[in-house]
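Only one structure is covered here, and it is reproduced in the block below.
Proteins get letters first, then strands, A, B, ... in listed order; numbering begins at 1 in each.
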Number of protein chains: 2
Amino acid sequence: MATNERRAREKARRRQEILQAAREVFFERGFHQATVDDVAFRAEVSKGTIYLYFESKESILAHLLLEGLALLLAQLNEAYAAHQSLSAEERLWRLARTYLDFSQTHPNYFRLMMAFDRGRFREQISAELYEQILQQSIRALDLVTQTVRQGIQAGEFACDDPKMSAGALWATLNGVLVLMANPLRRQMLSVELEPMFEATMALVLRGLRRAAN
Amino acid sequence: MATNERRAREKARRRQEILQAAREVFFERGFHQATVDDVAFRAEVSKGTIYLYFESKESILAHLLLEGLALLLAQLNEAYAAHQSLSAEERLWRLARTYLDFSQTHPNYFRLMMAFDRGRFREQISAELYEQILQQSIRALDLVTQTVRQGIQAGEFACDDPKMSAGALWATLNGVLVLMANPLRRQMLSVELEPMFEATMALVLRGLRRAAN
DNA sequence: GTATAATATGACCGCCAGTCAGTAAGTGAC
DNA sequence: GTCACTTACTGACTGGCGGTCATATTATAC
């Protein structure tokens, strides 16, 4: 009875089609402007069907966020793996730049990530899904933690808690990216994203270095 | 014709009453859960009246945000003015701690601030109101910039762009506060807000100091 | 070919932000 | 006091949307 398998495959494909449609619609019109009917129309499916595959509008968004996280993680992993021979500081730079790059090439996914910790999202998706997303983002952070740890072992960095330092670094980058995402803010600070990003990274990494250096 | 004055006064009071009701309702039930009818009921006014005083639900929220910003600015100004004799680094600590303190004692206002740069808000309030909010937040940043500048002049800090450094510092604090606002994140990082905040500040300030130190 | 299960549909519901025709209260002139 | 007029307020109503469910359609099994 291979029928069941085929069924499962078709079901999965349908789900992907809906997700694809949602990606297009949400990214084109913005989550709040987009309606579930829009998604249904784009997916060539009735609205009811959407709800056979996802619990809610927010849940669809959450799955898109997971996609984005997977993408980011892949890029970070690549950056992490590719430069084992470099100094920890240089590798942190690469990781950070990968993140910056991601935020620029996939602004929609990035926006989703930044929105995740906030408000409704948390309340409107299932606990498992929520935790899944959190887990993924922790994985990204672990790459940073590992690198910091290696930097400490190599005597490059002077700090006693790599986890905390990694967290601080991560929070800092998020802070900069969010702050600078707003054109009017950039204008008022009269700085562009890249220089600000560079300066902030330099500042924090300087703080991380051994005093000797 | 003092009548007009009284009229204006009454109008202003009504407005304040609505704002007061909105503050209570929004903070109690959350912005999205709360309805305009709730606010109207609490203000003992019909829904229509609400819309005589505010353009939209979001606009009410924006005015609450302005309140919060005023409160924060007052506290920052106080902290800034009170410790002129201390070192720039110590004064940055005080400013940062004031901010941390604000985020804990007025979590609702703080949440509003963090939400401000994101999504709908920007799209759903008037351009003037939007810019007004931005201006206020820039004022807060200016206190930091001033302090950094003084630190440079005093030879405490080694950096060439106080504005950028202040921006970096500000972004960093925001990043930490947002990241650590989520209980599950704290759990996963196994750090509490305060230690993380301290560690991050220490890290950045270390980066700011003259190498000599 | 028929019984059964799996999928899909779209009219419908409840909710809510925002509107507007209508009402009430206040004001100034005489 | 009352009339004309302005200002302030009201709440029933509208349109739009997320989500549901009774019904229809299609596939499968025997």
Side-chain angles (χ1 to χ4, degrees), chain A residues 1-22 25-26 28-64 119-126 129, chain B residues 1-22 25-26 28-64 119-126 129:
Chain A
M1 224 151 294
T3 315
N4 286 339
E5 268 181 42
R6 200 206 58 208
R7 277 255 178 95
R9 249 190 347 260
E10 279 174 357
K11 221 172 162 172
R13 214 189 52 212
R14 198 23 73 84
R15 197 185 155 88
Q16 280 308 314
E17 283 167 6
I18 293 173
L19 222 43
Q20 164 72 19
V25 171
F26 287 173
E28 269 170 31
R29 318 198 17 181
F31 179 69
H32 287 103
Q33 294 307 313
T35 72
V36 175
D37 280 299
D38 290 339
V39 176
F41 180 80
R42 184 74 66 109
E44 293 178 304
V45 139
S46 81
K47 175 148 70 162
T49 301
I50 301 274
Y51 285 91
L52 292 177
Y53 289 85
F54 295 93
E55 327 164 10
S56 65
K57 194 187 177 192
E58 277 77 15
S59 157
I60 305 178
L61 193 66
H63 280 94
L64 289 179
R120 317 183 58 189
F121 224 173
R122 202 145 87 205
E123 300 146 15
Q124 300 216 1
I125 62 177
S126 71
L129 189 51
Chain B
M1 224 152 293
T3 315
N4 285 341
E5 266 181 44
R6 199 204 60 206
R7 278 255 177 94
R9 248 190 348 260
E10 279 174 359
K11 219 170 163 172
R13 213 189 52 210
R14 202 15 79 83
R15 197 186 155 88
Q16 279 308 313
E17 282 168 6
I18 293 173
L19 222 43
Q20 164 72 17
V25 172
F26 287 174
E28 267 170 33
R29 319 197 18 178
F31 178 68
H32 287 103
Q33 294 306 314
T35 72
V36 176
D37 280 297
D38 290 339
V39 176
F41 180 80
R42 185 75 65 109
E44 293 177 303
V45 140
S46 80
K47 175 146 72 161
T49 301
I50 301 274
Y51 285 92
L52 292 177
Y53 288 86
F54 296 94
E55 326 164 10
S56 64
K57 195 186 176 193
E58 279 75 16
S59 156
I60 304 178
L61 193 65
H63 280 93
L64 289 180
R120 319 182 56 190
F121 225 172
R122 202 147 86 208
E123 299 146 15
Q124 300 215 1
I125 62 177
S126 72
L129 189 51

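- When heavy atoms are screened at a 4.0 angstrom cut-off, A/A40 is found touching no nucleic acid atom at all.
- Two residues are said to be in side-chain contact when any heavy atoms from C-beta on lie closer than 4.5 Å; B/F41 and B/V25 fail this criterion.
- For B/L52, the listed nucleotide lying nearest its side chain is D/dC9; candidates were C/dT7, D/dC9, C/dG10.
- Regarding B/Q124, its CD atom lies at a distance of 14 Å from the C1' atom of C/dC16, rounded to whole Å.
- One can place OH of A/Y51 at 13 Å from P of D/dC21, the figure rounded to the nearest angstrom.
- We find that CZ of A/F26 is positioned 13 Å from P of D/dC17, with the value rounded to whole Å.
- Contacts of B/F54 with the nucleic acid, taken as non-hydrogen atoms under 4.0 Å apart, are absent.
- Put simply, the side chain of B/K11 and the base of D/dA8 share no donor and acceptor less than 3.5 Å apart.
- Within the 4.0 angstrom heavy-atom criterion, base atoms lie near B/K47.
- A residue-by-residue look at A/D37 and A/G48 shows that A/D37 has its nearest nucleotide of DNA chain D further toward the 5' end.
- Within the nucleic acid shown, B/T35 comes within 4.0 Å of sugar-phosphate atoms alone, with no base atom in reach, counting heavy atoms only.
- Atom CD1 in B/I50 sits roughly 13 Å away from atom P in D/dG11 (whole-Å rounding).
- In this entry the distance linking CZ of B/R7 with P of C/dT27 reads 5 Å, nearest Å.
- At whole-Å resolution of the value, CD in A/E58 and C1' in D/dG19 are 11 Å apart.
- Remark: B/T49 is not in phosphate contact with D/dC9, judged by side-chain N or O atoms under 4.0 Å from OP1 or OP2.
- To the nearest angstrom, P of D/dG19 lies 12 Å from CG of A/L61.
- Distance B/E17 CD to D/dC9 P: 10 Å, rounded to the nearest Å.
- Taking the six-membered ring for Trp and thresholds of 30 and 60 degrees, B/H32 and A/H32 have nearly parallel ring planes, at less than 30 degrees apart.
- A salt bridge links B/R14 with B/E17: at least one charged nitrogen is closer than 4.0 Å to a carboxylate oxygen.
- Residues B/T49 and B/S46 bring a donor and an acceptor atom of their side chains to less than 3.5 Å of each other.
- With A/K57 contributing its side chain and A/F31 its backbone, the two residues share a donor-acceptor pair below 3.5 Å.
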